[in-house]
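The sequence lines fix the lettering, A, B, ..., with proteins before strands; numbering per chain opens at 1. In what follows, every heavy atom counts, from backbone to side chain, and hydrogens, waters and symmetry copies are set aside.
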There are 2 protein chains.
Amino acid sequence: MSNRRRDAVHEVLRQSEGFRSAQDVYAEMRAEGAKIGLTTVYRALQALVDNGQVDVLRTGEGESVYRACASGDHHHHLVCRRCGRTVEVAGPAVERWAEAVGTEHGFTEITHTVEVFGTCPSCSANVKAG
Amino acid sequence: MSNRRRDAVHEVLRQSEGFRSAQDVYAEMRAEGAKIGLTTVYRALQALVDNGQVDVLRTGEGESVYRACASGDHHHHLVCRRCGRTVEVAGPAVERWAEAVGTEHGFTEITHTVEVFGTCPSCSANVKAG
DNA sequence: CCCGATTTTGACAACCATTTTCATTTACGC
DNA sequence: GCGTAAATGAAAATGGTTGTCAAAATCGGG
Ligand SMILES: [Zn+2]
Ligand SMILES: [Zn+2]
Ligand SMILES: [Zn+2]
Ligand SMILES: [Zn+2]
């Protein structure tokens, strides 16, 4: 099932370094002349998430942000809190730990969320130079 | 700096098993006859969080939920996705992993968020019993 | 093509947790 | 008591997200 709008939204995310909000994607597309509505952007993002083609997470301010990740497999993110640059990281150790801590307490169907934040090399440099 | 309202809100959280939303806490206090405003509940919760006396996290639906944790030290949570029952867990391995994965990519000032979800023993039992 | 059926779209309104405003009440120092 | 500063809360504003629904695009025969 293909969809032109959905592909356009997906493409915007592909061109992005880090996570982007729906409003943000919408603004960029409009700025570039695309004739698309905010509602459709939300729907496209939701569809991409449901399809596993895009990762989503919540910011501390309660905003959903999206990213087209290279890997379709389960992974986590190392995000620069200044510029948003994101690196995909695998963490077998964390996967095992989460599973272990869950079963240890008798819990089943264990899932987890893990995000790592920091200041990336270039942003650190800018701060020093700043 | 003491504060009657703040203590009342803190007490409600202490009596709770898992994380509670601001609206939820407010509703309970009103139901018990307390004469308090929603705004004040929000302010009290924020103050408790700033003071490190309460942990906060965001639900998938974008709602902030709060919990009075026994430990003031850095820790994480194992939360039952059905009844909300929460266990505080320490994870030295995760702490080291997060720090390592960050420095490995040249990131500094590394922080992280980790939450583990599952179905607790009693909820599993209830499901089987139907 | 032509038309009716189906899906997609998007302007606008509705939602809802949270924040801001601001007038009133309470607490504190003297 | 009195004056000042802090706390309170009702009501309005905010803002991201979702629901509504009629118009527009797409599809599939005939
Ligand atoms: Zn950066
Ligand atoms: Zn994982
Ligand atoms: Zn449970
Ligand atoms: Zn930790």
Do the rings of B:W97 and A:H76 sit parallel, tilted or perpendicular, given the 30° and 60° boundaries?
->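 Perpendicular: the ring planes of B:W97 and A:H76 meet at over 60°.
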
DNA chain D contacts among residues 53-67 of chain A, heavy-atom distance under 4.0 Å |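 Those residues whose heavy atoms fall under 4.0 Å from DNA chain D, taken from residues 53-67 of chain A in numerical order, are A:E63, A:S64.
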
Of the residues in residues 7-34 of chain A, which ones touch DNA chain D at a heavy-atom distance under 4.0 Å?
->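 Result for residues 7-34 of chain A: A:Q23, sorted by number.
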
[X] versus [Y]: any side-chain heavy-atom pair under 4.5 Å?
{"X": "A:F117", "Y": "B:E109", "value": "no"}
{"X": "A:E99", "Y": "A:H112", "value": "no"}
{"X": "A:V79", "Y": "A:V116", "value": "no"}
{"X": "B:V114", "Y": "A:T113", "value": "no"}
{"X": "B:H74", "Y": "B:E95", "value": "yes"}
{"X": "B:Q23", "Y": "B:L38", "value": "yes"}

Please state how far atom [atom1] in [X] lies from atom [atom2] in [N], giving the value in whole angstrom units.
{"X": "A:Q46", "N": "D:dT18", "atom1": "CD", "atom2": "P", "answer": "7 Å"}
{"X": "A:R43", "N": "C:dT8", "atom1": "CZ", "atom2": "P", "answer": "9 Å"}
{"X": "A:L38", "N": "D:dT20", "atom1": "CG", "atom2": "C1'", "answer": "15 Å"}
{"X": "B:K35", "N": "D:dT8", "atom1": "NZ", "atom2": "P", "answer": "11 Å"}
{"X": "B:L45", "N": "C:dT19", "atom1": "CG", "atom2": "P", "answer": "10 Å"}

Report the C-alpha separation of A:E11 and A:R14 in whole Å, then their side-chain angles, then the decisive distance to 0.1 Å, and conclude whether the salt bridge (charged side-chain N to carboxylate O under 4.0 Å, His left out) test is met.
-> CA-CA 5 Å; A:E11 189 55 25; A:R14 283 211 191 84; 3.0 Å; yes

side-chain hydrogen bond (donor to acceptor under 3.5 Å, both in side chains) pairs, two or more places apart, involving residues 81-90 of chain B =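 Non-adjacent pairs meeting side-chain hydrogen bond (donor to acceptor under 3.5 Å, both in side chains): A:T111-B:R81, B:R67-B:E88, B:R81-B:T119.
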
Indicate whether OP1 or OP2 belonging to [N] is found under 4.0 Å from a side-chain N or O atom of [X].
{"X": "B:R5", "N": "D:dT8", "value": "yes"}
{"X": "A:R4", "N": "C:dT9", "value": "no"}
{"X": "B:N3", "N": "D:dA6", "value": "no"}
{"X": "A:T40", "N": "C:dG10", "value": "yes"}
{"X": "B:Y42", "N": "C:dT18", "value": "yes"}

